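In what follows, a structure is listed as structure tokens, so that the remarks can point back to it.
Keep in mind that the numbers below use all heavy atoms, side chains included, and drop hydrogens, waters and symmetry copies. Model, not experiment: these values are computed from the prediction.
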Amino acid sequence: VKSHQASASSTSEFVELADSTLGIAATTMAVPVTTTGYKLLKVFIVRASSSDTNFLLMRLNADGGANYVGTNVRNNAGTITGLIDPTTSVYAIPDTGANDNLGIAEFTINVVTSTAKLITGTCGNGNNQSLWKIARWTNAVDPITSVDLLVNGGGNITAGTRVLIYGLS
């Protein structure tokens, strides 16, 4: 697992804060990150395999409390529906079904400590499923210290799943 931290400086470019690849299959994946001095995060998630047949969920700071509010527009093979996030996490990557499809996600998160964290982004897989997301983590006190993944409904995250985090000061 590779992970490193850059220092915040006033710049108009995103800098890499973390790059973590899951070495062995696990029920969760925690990616530590220091966000002090940054205003925005870009989080990229690449699922390694279709064996994760349930939605991947994302939490901040391993917070599994009822502190998330979110909604999604879901395109499932051309059928457009609404999808509400669970209150204990946000949907990160749709389930893949039986096909051999990878999943990807890109999120932007504001990291101002004194406000709820706004999460916007898109995610999808090669099985004709995609989500457009707007959500928030209602914690207005704590800085983000980790981005965590887990599998909705249980199971393991496949080894090789990768999370990259960039910051903008």
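Between Trp132 and Cys123 there is no side-chain heavy-atom pair separated by less than 4.5 Å. When side chains are defined from C-beta on, Leu149 does not count as touching Leu57, because their heavy atoms never get closer than 4.5 Å. Residues Asn75 and Val73 are not in side-chain contact: their nearest non-hydrogen atoms beyond the backbone lie 4.5 Å or more apart.
Distance OG/Ser89 to OH/Tyr68: 7.0 Å, rounded to 0.5 Å. Atom OG1 of residue Thr87 and atom CD1 of residue Ile84 lie 11.5 Å apart, to the nearest 0.5 angstrom. Distance check: Met58 CE to Phe107 CZ gives 5.0 Å after rounding to the nearest 0.5 Å. Remark: Leu60 CG to Ile109 CD1 distance equals 5.0 Å, nearest 0.5 Å. The structure places CE of Met29 at 10.0 Å from CG of Asp148, a figure rounded to the nearest 0.5 Å. Note: Thr115 OG1 to Lys117 NZ = 6.0 Å, rounded to the nearest 0.5 Å.
Taking both residues in full, the closest heavy atoms of Gly37 and Ser169 are given as O-CB, 3.2 Å, listed atom of the first, atom of the second, then distance. The two residues Pro143 and Thr35 come nearest to each other via the heavy atoms CB-OG1, 4.0 Å. Across all their heavy atoms, Ala92 and Ala105 have their closest contact at O-CB, 3.4 Å. Between Val163 and Val31, the closest heavy-atom pair is CB-CG2, 3.8 Å. Nearest heavy-atom pair across Ala140 and Ala116 is CB-N, 3.9 Å. When all heavy atoms of Arg47 and Leu56 are compared, the closest pair comes out as NH1-CG, 3.7 Å.
Judged by distance alone, with hydrogens and angles left aside, the side-chain atoms of Thr138 form a donor-acceptor pair with the main-chain N or O of Asn67 at under 3.5 Å. When atom types are taken as modelled, the side chain of Thr120 and the backbone of Ile134 share no donor-acceptor pair closer than 3.5 angstrom.
Ile165 and Val15 fall within a single hydrophobic cluster, where Ile, Leu, Val, Met, Phe, Trp and Tyr are joined by side-chain heavy atoms under 4.5 Å apart, directly or via other members. At a threshold of 4.5 Å between side-chain heavy atoms, the hydrophobic network of Ile, Leu, Val, Met, Phe, Trp and Tyr places Tyr166 and Leu40 in one connected group.
Applying the 6.0 Å contact sphere to CD1 of Ile24 captures no more than 12 heavy atoms from other residues, nucleotides or ligands.
Under the side chain to side chain contact (heavy atoms under 4.5 Å, CB included) test applied with Asp85, the options Asn72, Thr71, Val69 reduce to a single match, Asn72.
Looking at Asp63 and Trp137, their side chains do bring a donor and an acceptor atom within 3.5 Å of each other. A donor-acceptor pair shorter than 3.5 Å can be found between the side chains of Thr145 and Asn61.
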Give the intermediate values and the outcome of side chain to side chain contact (heavy atoms under 4.5 Å, CB included) for residues Arg59 and Leu150. CA-CA 8 Å; Arg59 291 181 177 160; Leu150 63 152; 3.9 Å; yes

